[in-house]
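Beneath this line is the structure, given in structure tokens, with notes to follow.
Every chain is numbered from 1 and lettered A, B, ... according to where its sequence line falls, protein lines coming before strand lines.
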2 protein chains.
Amino acid sequence: MDLRQLRYFITIVHEKSYSKAAKILHISQPSLSNAIMKLEKEVSFQLLERNTRGLELTEAGGIFYTRSVDLLRRFNNMQVELEEMKQVGSGTISIGSIESFKFWFPKIIRNFKILYPNIHIKVKEVLGEEKVIDFLNQYNGHFTITNQPINNDEIMSIPLYNEKFILLVHKDDDLNEKGSITFQDLAGKELIISTTGFQTRDDILKAFKEENVNPNIFYEIERLETACSLVEEGLGVTILPESYIKSAVTPNTVIRAIDTNVLERTVYLAYLKDRYLSPAVCKLVEEIRSFFKM
Amino acid sequence: MDLRQLRYFITIVHEKSYSKAAKILHISQPSLSNAIMKLEKEVSFQLLERNTRGLELTEAGGIFYTRSVDLLRRFNNMQVELEEMKQVGSGTISIGSIESFKFWFPKIIRNFKILYPNIHIKVKEVLGEEKVIDFLNQYNGHFTITNQPINNDEIMSIPLYNEKFILLVHKDDDLNEKGSITFQDLAGKELIISTTGFQTRDDILKAFKEENVNPNIFYEIERLETACSLVEEGLGVTILPESYIKSAVTPNTVIRAIDTNVLERTVYLAYLKDRYLSPAVCKLVEEIRSFFKM
DNA sequence: ATATATCCATAGTTTAAAACTATAGAAAGG
DNA sequence: CCTTTCTATAGTTTTAAACTATGGATATAT
């Protein structure tokens, strides 16, 4: 049994066809037939049920498939690492991040570019714990900036900074008259909030719960920019992480603090504990950490 | 790059010699030289430093070695699983366990033998969290009985039962006169206890701490049987898990309860979450769980 | 109903690569 | 200085993975 056979097997399962898989693998169909037959003989199990039109995995085949995918992923990851070890000082650093990353990252990147002028940086939005774990495990990126601690043995989460949430209201909103705004004042307000699955939503709803106020959710959005626009149009109020202050400020909206101490989030940097990271990546992580230590 | 090359590379690293490794691998030395040269060419790194008398890993080689070992372990584990899927109803079940396992396991095994008469059971003593994790990860056993929860994402720990610790004293000991024994009474006593690294030691010392008593450790032992013998000889007192009651009772020793509620341990059953376990193993685990549910 | 296309299996052949043997060259030990 | 030990090189054999050609089965179209 070797990895070649596993790769073949996996491709067949994906394509549900020998001939299609053979094309993708750039080999002839009989070669593929042969390889799988040898594999089945070796493990002494039928892995695939070839019935009229279409293939199906047997029970053993299903287990075998799961293991094979995991094994091949690890093998590919090893090759990625080796590739990265070659290109010292050049190559690409891939980062997964939350939206607010853009507010502070440019300040760090300027310095870093002087040290490593040939490094290319790629940023992808990665939200939610599961997505973060997958992003790192698949070696899609070297590290992520996330707004929740990642609960996984193979992943290290380092807290970077805490930030409060602030309230964004239309300039004509009556809340604007009040000196101090509490959660009770938000009870009747039409609230604009992230859709389910986003951590900011959970953070905010948890705060409502802790303050014993029922949120009146009016509109659910995916991007916080949308929330800002809606407030601008006078369609409701929204709650944003502090770092959005600069970008949220427009002629018709006003930023207000909420008088509470339950509305705060921590932003983390997460990476795989036992992945080899190039000196450039380590340096960048170090820069980010020291930026927030001050 | 294929697993064959990784296997070759690993063997060379272990043997620190091409020719020795070639013998172990049952191939000729030039074949091995050739394989490694091709590997090095492919990854474009020198992996081994062949200097006069003896080999050394390069830095890249070291990282490569770690990954290779992990990959090969997983590959071998997959083959073990396949092998086990073949022998349904026969084969061997391997269990790692703490000492006190022997007190209750025979009661369960009798029933199990009727259901699966062809299954062979192998028990090995596996103590300490690290050893348990390793034992499971290396596929040395199907599950373990342990006296501490295993803190690992890939391992499931199920609590089986709680048991109190009891005090074993010599029949002439003055503690024997007392109606109720507290931790304060143990302050001056010469204590026989497990050596560092055993969970029973930690459990007992934690209780001393919580009761604000300084233990007077007189003798450190590896096996609890040794502790019993020492008490028998009148050399001190010891604290044992309850399940030892029957085996500890000898003419010259007396079992006493300690009046406290901080001296207790939980025994767990731990297994790898995503390992395939044969129906026989599942049944045995089920039997154990239901035995303690009553 | 018959033709056609699609799909996997089988047979035989070619080609690539992993093994082998024999041997050379370097370095350490007696 | 000779012997031993070790890895590398050269050339050959053997293994096995690829190929082409083709057959039989089944579903879809005419």
### Query
Below 4.5 Å, heavy atoms only, C-beta onward: do Ile158(A) and Tyr271(A) meet side chain to side chain?
yes
### Task
For Lys283(B) and Glu286(B), run salt bridge (charged side-chain N to carboxylate O under 4.0 Å, His left out): C-alpha distance rounded to whole Å, both residues' side-chain angles, the deciding distance at 0.1 Å, then the answer.
CA-CA 5 Å; Lys283(B) 180 67 185 165; Glu286(B) 208 33 66; over 6 Å; no
Contacts table for residues 115-125 of chain A: side-chain donor-acceptor under 3.5 angstrom, sequence neighbours left out:
unit_1, atom_1, unit_2, atom_2, d
Glu125(A), OE1, Arg223(A), NH1, 3.4
Glu125(A), OE2, Arg223(A), NH1, 3.3

Protein and nucleotides 8-10 of chain C: nitrogen or oxygen contacts under 3.5 angstrom:
unit_1, atom_1, unit_2, atom_2, d
dC8(C), OP1, Tyr18(A), N, 3.0
dC8(C), OP2, Tyr18(A), N, 3.0
dC8(C), OP2, Ser19(A), N, 2.8
dC8(C), OP2, Ser19(A), OG, 2.8
dA9(C), OP1, Arg50(A), NE, 2.9
dA9(C), OP1, Arg50(A), NH2, 3.4
dA9(C), OP2, Ser33(A), OG, 2.8
dA9(C), N7, Gln29(A), NE2, 2.9
dA9(C), N6, Gln29(A), OE1, 3.0

### Task
Check the distance between dT21(C)'s C1' and Leu32(B)'s CG and give it to me in whole angstrom.
16 Å
### Query
Is the distance between the ring centroids of Phe45(A) and Phe64(A) under 6.0 Å?
no
### Task
Output yes when a side-chain donor or acceptor of Arg73(B) lies under 3.5 Å from a complementary backbone atom of Asn137(B), and no otherwise.
yes
### Message
Measure CG/Leu39(B) against P/dA8(D) and give the value in whole Å, please.
### Response
13 Å
### Glu49(B) CD - dT7(D) P separation (whole Å)
14 Å
### Query
In whole angstrom, what separates Glu15(A)'s CD from dC7(C)'s C1'?
14 Å
### Phosphate OP1/OP2 of dC20(C): any Ser28(B) side-chain N/O under 4.0 Å
yes
### Exercise: identify the closest heavy-atom pair between Ala35(B) and Gln5(B)
O-NE2, 3.6 Å
### Task
Would you please say whether a donor-acceptor pair under 3.5 Å links the side chains of Tyr276(B) and Arg67(A)?
no
### Message
Any side-chain to backbone donor/acceptor pair from Thr11(B) onto Ala21(B)? Under 3.5 Å, distance only.
### Response
no
### Message
Using whole Å, what does the distance between atom C1' of nucleotide dC6(D) and atom CD1 of Ile12(B) come to?
### Response
13 Å
### Message
So if I take residues 1-10 of chain B and measure heavy-atom distances to DNA chain D, which residues fall below 4.0 Å?
### Response
none
#### Entry: Short side-chain N/O contact to dC19(D) OP1/OP2 from Ser31(A), under 4.0 Å
yes
### Query
Taking atom P of dC7(C) as reference, at what distance in whole Å does atom CD1 of Ile36(A) sit?
17 Å
### Query
With a 4.5 Å limit on heavy-atom distance, are the side chains of Thr146(B) and Val126(B) in contact?
no
### Lys38(A) NZ to dA18(D) C1', straight-line distance once rounded to whole Å
10 Å
### Query
How many Å lie between CD1 on Ile27(B) and P on dT21(C), as a whole number?
12 Å
